Amino acid sequence: MNVVVCVKQIPDPADPGALNPDHTLKRDGKLILDESDSYGVEMALQLVDAAGGGEVTLVSMAPNAETAGLRTALAMGAAKAILVSDEALKGSDALGTAKVLAKAISRVDAPDLVMTATESSDGYTGTVPEQIAGLLDLPSVTFAKHIEVSDGTLKVQRQTELGYDEVTCPLPALVSVTAGVVEPRYPSFKGIMAAKSKPVDQVTVADLGLDAGEVGWGGAAQEIVSVEPAPERKAGEIIEDDGEAHHKIVEFLDGLKVL
Amino acid sequence: MTLSKIWVHAESTDGTVKPTTLEMLTKARELGGTVEAFHAGPDGEQIAGTLGAHGATKVLCAGDLGGGAVGVNLANALAAAIGSQGAPDLVMFATSYDGRDAAARLSVKLDKPVLTNGTDVAEEDGSVVVIEPIFGGTQLVKTRFTAGTPQIVLLRPKSFVAEESGGGPAEVQTIEVPDGGAAAAARVVDRHVEETSGPKLDEAAIVVSGGRGLGEAAKYDMIEQLAKLLKGAPGASRAIVDAGWVPYSYQVGQTGKVVKPTVYIAAGISGATQHMVGMKGSKNIVAINKDPEAPILSIADLGIVGDVHKVLPKLIEALQSR
């Protein structure tokens, strides 16, 4: 079983985010593997393992030929990666990103399954997985919280507002996974060493057969009008607990007449 | 110029329309000349009254999909309807499981962008603009469509207040669901409803949420106990959902539920961007955190710098003795 996992390399969410003058997110520092994607990588590794053969290929789009996050996923056990890096991609919107990823996935020989997170932690449009499925004309199951494969069919528990749906879907297909679908492994020392020599195929927009005008700013059929600070909440009262702070909370709730 | 026609995704469960649908219909009425709903599911006829009462003149019904995925099938049906009766100026979806799927599939069918995570939508100089909060809601981005109609938006729940228009039932019009072929091969074979007691997280007047500061899964009991005493709902930060302490349905935040209760109590939650987006709109915020630098304290109406393991048991005891 061959699985392609789409992974995003993002600025460390622990650092405060910032925008460039053109309103794109600053991505010039070190990028890391989006934690949301580590679940898909782990799930893919386990499915390949359970199938008794095949491999996991990573697909990513990032500026400056960034591979730090890819190396993390390769260290977990993915076999290889395709990285699309090109100045022309700057300013790409979700649909443009999906077009690039779909083309990159098409370079992989006969994948049985394409896996993504439900959304990235920095852009969080949450539309890219279904856009990729649409572009590749694949069936899909989103928000998977449990996945099994048997006889070429996926059995997925799909998160819903009220609980979950049991969904079956023939392969090839695309699945987006929620955090918690599996517990991602920590890369071992051996894995980290091995990852250094695993192949990362770096390609450009032209290599994918896409016109530069379809992606980046030119392809994004939207423009940012303005970015403004949101109205701030009025600062409240901060007190240090001296053992009696719970009275203060009761008093506060009383004042609101909610008790 | 107002928008001449707007389509709104109507979502329902067993004949009950979801609040987000009614919120969007109310907003659409303010923006557009004609407001129509579209719907997939067996209960289209049943909800026509409620949709009409909130301003929809018509409901385009894709009908029961027989277990087929809503995303791909509804998008195919909408694309076909646009082909036969023309495109609306704007198509509104809610940021929900099916809403996101359908909006994304439709965007590919029509090769149009989707503007996502909107908390407001307006018409400016003839095109639609969407407001999206970023960086934990500290900044607001306004984005405009430049690709003509239909403009597709995904709007966050609780962005608008639903109000009735006094309109009669929406006219039910069946729309065809074209055969989606292999791309529509996923099938729902069973539905599981998780039993919950007490008010729903996104409807409760009081929400009590716990985070990593609780230290261990067993301590989440304190959150449930406090929520019960206050007749509220228990919630959680992403950190403890990812850690497996509580189910995903408890999660408040960017990837979880948006809540706007009268009182939000955050216990042992530092206030990551991802969490703040989901609860910043609460009317009153009480935060308990031992770190005086925790971002959550900067938006709290009442902030307690203290240990949740000491404050919560005393608070629970004080409430029990009332």
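Chain letters run A, B, ... following the sequence lines, proteins first and then strands; every chain starts at 1. Bear in mind the structure is a predicted one, so any value in this text is a computation, not a measurement.
Contact tally against chain B (heavy-atom pairs below 4.5 Å) for A:D122, A:I132, A:T142: the top residue is A:T142. When each of A:G163, A:A221, A:C169 is scored by its heavy-atom pairs under 4.5 Å with chain B, the top score falls to A:A221. With chain B as the partner, the residue from A:V258, A:T178, A:V141 showing the most heavy-atom pairs under 4.5 Å is A:V258. Of all the listed residues (B:D190, B:I206, B:D242), the one sharing the greatest number of non-hydrogen pairs under 4.5 Å with chain A is B:D190. Ranked by heavy-atom pairs under 4.5 Å with chain B, the list A:S226, A:G236, A:G17 is led by A:S226. Note: A:E166 leads A:H247, A:E244, A:E166 in heavy-atom pairs under 4.5 Å with chain B. If you tally non-hydrogen atom pairs under 4.5 Å between each of B:D98, B:T95, B:V114 and chain A, the highest count goes to B:D98. Ranked by non-hydrogen atom pairs under 4.5 Å with chain A, the options B:A205, B:A183, B:G306 are led by B:A183. Options A:K145, A:K248, A:E223, A:E183 differ in how many heavy-atom pairs under 4.5 Å they form with chain B, and the most are formed by A:E223. With chain A as partner, the option from B:R187, B:R191, B:R105 having the largest number of non-hydrogen pairs under 4.5 angstrom is B:R105.
No more than 12 heavy atoms of other residues, nucleotides or ligands sit less than 6.0 Å from atom NZ of A:K103. Other residues, nucleotides and ligands contribute only 12 or fewer heavy atoms inside 6.0 Å of the CG atom of B:D14. Heavy-atom neighbours of B:E293 CD from other residues, nucleotides or ligands within 6.0 Å: at or below the threshold of 12. Summarising the local packing, CD of B:Q320 is surrounded by more than 12 heavy atoms from other residues, nucleotides or ligands at distances under 6.0 Å.
With a 4.5 Å cut-off on non-hydrogen atoms, B:V286 touches chain A through its side chain but not through its backbone. For A:D93, the part lying near chain B is the side chain, with the backbone staying farther off; criterion is any non-hydrogen pair under 4.5 Å. Only the side chain of B:I288 has a heavy atom closer than 4.5 Å to any heavy atom of chain A. Looking at A:L154, neither its backbone nor its side chain comes within 4.5 Å of chain B, counting heavy atoms on both sides. Using a 4.5 Å cut-off between heavy atoms, B:P247 makes no contact with chain A at all. A:L138 touches chain B through its backbone: at least one of N, CA, C or O sits under 4.5 Å from a heavy atom, while the side chain does not. For B:I299, the parts lying near chain A are the backbone and the side chain together; criterion is any non-hydrogen pair under 4.5 Å. Interface remark: A:A94 contributes no atoms to any contact with chain B (heavy atom separation under 4.5 Å). Looking at B:T273, neither its backbone nor its side chain comes within 4.5 Å of chain A, counting heavy atoms on both sides. Only the backbone of B:K283 comes within contact range of chain A, with heavy atoms under 4.5 Å apart. For chain B, no part of A:A98 is nearby; none of its heavy atoms comes within less than 4.5 Å. With a 4.5 Å cut-off on non-hydrogen atoms, B:I134 touches chain A through its backbone and its side chain both. Residue contact with chain B, scored on non-hydrogen atoms closer than 4.5 Å, involves the backbone and the side chain of A:E237 alike. Interface remark: B:V193 contributes backbone and side-chain atoms alike to the contact with chain A (heavy atom separation under 4.5 Å). Heavy atoms of B:L319 lying under 4.5 Å from chain A belong exclusively to its side chain. Contacts of A:A173 with chain B are absent, with no heavy-atom separation under 4.5 Å from either backbone or side chain. Using a 4.5 Å cut-off between heavy atoms, A:L25 touches chain B through its side chain atoms alone. Neither the backbone nor the side chain of B:L229 comes within less than 4.5 Å of any heavy atom of chain A. Both the backbone and the side chain of A:S140 have a heavy atom closer than 4.5 Å to some heavy atom of chain B. Of the atoms belonging to B:D301, heavy atoms from both backbone and side chain fall under 4.5 Å from chain A.
The side-chain heavy atoms of A:L95 and B:D111, taken from C-beta on, include a pair separated by under 4.5 Å. At least one side-chain heavy atom of A:L259 sits less than 4.5 Å from a side-chain heavy atom of B:L230. Using a 4.5 Å cut-off on side-chain heavy atoms (C-beta onward), B:T143 and A:V225 make no contact. Using a 4.5 Å heavy-atom cutoff, the side chains of A:H23 and B:V141 are not in contact. Contact of the A:I249 side chain with the B:V311 side chain is registered, since non-hydrogen atoms from C-beta on lie closer than 4.5 Å. B:L140 is listed as a side-chain neighbour of A:P231, based on a closest heavy-atom distance under 4.5 Å. The shortest side-chain heavy-atom distance between B:K18 and A:E161 falls under the 4.5 Å cut-off. By the 4.5 Å heavy-atom criterion applied to side chains, A:P13 and B:Q274 are not counted as neighbours.
Defined by atom type and a distance below 3.5 Å, a donor-acceptor pair is present between the side-chain atoms of A:Q131 and B:S107. Counted by atom type alone, A:T118 and B:R100 present zero donor-acceptor pairs between their side chains at under 3.5 Å.
In this structure, the separation between OG1 on B:T262 and NZ on A:K257 is 13.5 Å, given to the nearest 0.5 Å. Atom CZ of A:F252 and atom CD1 of B:I285 lie 9.0 Å apart (nearest 0.5 Å). Rounded to the nearest 0.5 angstrom, B:L312 CG and A:H246 NE2 are separated by 11.5 Å. Note: B:L154 CG to A:T127 OG1 = 7.5 Å, rounded to the nearest 0.5 Å. Here B:R238 contributes atom CZ and A:E35 contributes atom CD; the two are 6.0 Å apart, rounded to the nearest 0.5 Å. To the nearest 0.5 Å, atoms OG1 (A:T125) and CD (B:E132) are separated by 9.0 Å.
Contact detail for B:V108 and A:G134: the closest heavy-atom pair is CG1-C, 3.8 Å. Scanning both residues, A:P139 and B:A185, for their nearest heavy atoms gives CB-N, 4.0 Å. In this structure, A:Q222 and B:T146 approach most closely via the heavy-atom pair N-OG1, 3.2 Å. The heavy-atom pair separating A:S121 from B:Q254 by the smallest distance is O-NE2, 3.9 Å. A:E130 and B:G71 get closest at one heavy-atom pair: OE2-CA, 4.4 Å.
A salt bridge does not link A:D241 with B:K314: every distance from a Lys NZ or Arg NE/NH1/NH2 to an Asp or Glu carboxylate oxygen is 4.0 Å or more.
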- Determine, stepwise, if the pair A:I239 / B:I304 fulfils side-chain contact (heavy atoms from CB on, under 4.5 Å). CA-CA 5 Å; A:I239 60 164; B:I304 310 288; 3.6 Å; yes
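Ring geometry for A:F143 versus B:Y97: interplanar angle over 60°, hence perpendicular rather than tilted (30 to 60°).
Side chain of B:N117 to backbone of A:Y124: a donor-acceptor contact under 3.5 angstrom is found.
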